[in-house]
Amino acid sequence: MTDFSALIPAAWEVRDLAYAPYSKFHVGAALLGSDGVIYRGCNVENLSFGLTICAERNAVASAVAAGCRSFSALVVVADTREPISPCGACRQVMAEFGDFPVLMVTKEISEETSIRALLPRARTGILDSA
Ligand code: THU
């Protein structure tokens with residue numbers, strides 16, 4: 001069983017820093033590095049909507065910039081009725097760094113999944129020599 005307990009408050013905390021003036025939808029992510037450090041990310045929107053960076057990708061970028069490329073858990077939080085799940089772009093970016101457990105959390109409920117379950121066959125065959 002993965003211990004997500006330190007990640008949950010960290011994800012709620014960073015959610016408060018979300019820059020989401022367009023959607024008003026605030027998301028927080030906390031990523032546990034295998035170095036034991038919790039890397040945080042919130043969504044950062046842009047007037048050019050497609051440039052928006054999700055909370056999950058921000059957490060990954062923060063970890064990589066600190067020298068951490070291996071992860072043991074992710075928590076993503078939003079104040080919704082159903083847990084939100086990472087978008088397709090974030091799934092692909094996280095799958096770059098392997099498989100790890102993911103907990104999707106609301107104020108009421110949480111649901112566990114994994115990177116592999118969210119994005120099966122993310123790496124199969126790509127760049128294999130012919
Ligand atoms: N968003 C995230 O940050 N993570 C998710 O898992 C889903 C969506 C952000 C992107 C955008 O700023 C807002 O939520 C609405 O889609």
Side-chain angles (χ1 to χ4, degrees):
M1 268 298 269
T2 308
D3 182 9
F4 292 103
S5 55
L7 296 175
I8 295 170
W12 284 116
E13 258 177 53
V14 70
R15 176 178 173 272
D16 289 341
L17 301 174
Y19 176 73
Y22 306 107
S23 74
K24 319 266 192 241
F25 189 72
H26 293 197
V27 183
L31 184 62
L32 182 60
S34 39
D35 56 4
V37 175
I38 297 174
Y39 297 96
R40 298 158 188 236
C42 57
N43 51 331
V44 179
E45 297 188 343
N46 190 270
L47 181 60
S48 177
F49 293 172
L51 298 181
T52 290
I53 305 168
C54 295
E56 298 91 323
R57 262 177 294 156
N58 240 342
V60 169
S62 165
V64 171
C68 180
R69 298 174 177 179
S70 162
F71 308 114
S72 43
L74 172 86
V75 166
V76 57
V77 301
D79 189 6
T80 44
R81 205 157 38 84
E82 295 292 318
I84 63 162
S85 69
C87 79
C90 288
R91 294 177 195 205
Q92 182 76 37
V93 166
M94 292 189 287
E96 180 75 18
F97 299 99
D99 185 30
F100 46 90
V102 173
L103 191 71
M104 304 172 295
V105 174
T106 72
K107 296 220 160 124
E108 308 291 332
I109 50 174
S110 63
E111 193 182 326
E112 185 172 344
T113 181
S114 67
I115 296 297
R116 182 153 308 155
L118 289 169
L119 191 65
R121 305 194 65 177
R123 307 178 64 94
T124 311
I126 299 172
L127 297 184
D128 280 357
S129 49

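Keep in mind that what you see is a predicted model, and the values were worked out from it rather than measured. Throughout, numbering of the chain's residues begins at 1 and tracks the sequence. When reading the values below, keep in mind they use all heavy atoms of this one structure, side chains included, and skip hydrogens, waters and symmetry mates.
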Verify same cluster id: Y19, V27 (apolar side-chain graph, 4.5 Å): no
Rounded distance (nearest 0.5 Å) linking atom CG of L31 with atom CZ of F97: 9.5 Å
Scan the side chains in residues 44-58 for donor-acceptor partners under 3.5 Å anywhere in the protein, sequence neighbours excluded, and list what turns up.
{"from": "E45", "atom 1": "OE1", "to": "Y22", "atom 2": "N", "distance (Å)": "3.1"}
{"from": "E45", "atom 1": "OE1", "to": "S23", "atom 2": "N", "distance (Å)": "3.0"}
{"from": "E45", "atom 1": "OE2", "to": "S23", "atom 2": "OG", "distance (Å)": "2.5"}
{"from": "N46", "atom 1": "OD1", "to": "S48", "atom 2": "N", "distance (Å)": "2.8"}
{"from": "T52", "atom 1": "OG1", "to": "F49", "atom 2": "O", "distance (Å)": "2.9"}
{"from": "N58", "atom 1": "ND2", "to": "C42", "atom 2": "O", "distance (Å)": "2.8"}

Pairwise salt bridge (Lys or Arg N to Asp or Glu O under 4.0 Å) hits with a residue in residues 13-35, at least two apart: E13-R40
Check: residues 80-95 side-chain donor-acceptor pairs under 3.5 Å, at least two apart:
{"from": "T80", "atom 1": "OG1", "to": "E82", "atom 2": "O", "distance (Å)": "2.7"}
{"from": "S85", "atom 1": "OG", "to": "R91", "atom 2": "NH2", "distance (Å)": "2.9"}
{"from": "R91", "atom 1": "NE", "to": "P86", "atom 2": "O", "distance (Å)": "2.6"}
{"from": "R91", "atom 1": "NH1", "to": "L118", "atom 2": "O", "distance (Å)": "3.1"}
{"from": "R91", "atom 1": "NH2", "to": "P86", "atom 2": "O", "distance (Å)": "3.0"}

Which atom of G33 lies closest to which atom of C68, heavy atoms considered: CA-SG, 3.6 Å
Interatomic distance, E96 atom CD to I115 atom CD1 [nearest 0.5 angstrom]: 12.0 Å
Main-chain N/O of P101 paired with T2 side-chain donor or acceptor, under 3.5 Å: no
Co-members of L119 in a cluster of I, L, V, M, F, W and Y side chains, linked at under 4.5 Å: none
Straight-line distance of M104 CE to E112 CD, nearest 0.5 Å: 9.0 Å
Co-members of I38 in a cluster of I, L, V, M, F, W and Y side chains, linked at under 4.5 Å: F4, L7, I8, W12, L32, V75, V77, L103, V105
Counterpart residues, side chain to side chain contact (heavy atoms under 4.5 Å, CB included), relative to A66 (two or more places apart): Y39
Nearest atoms (heavy-atom pairs only) where A78 meets F25: CB-CZ, 4.0 Å
Distance, nearest 0.5 Å, that separates OG of S34 from CZ of F100: 10.5 Å
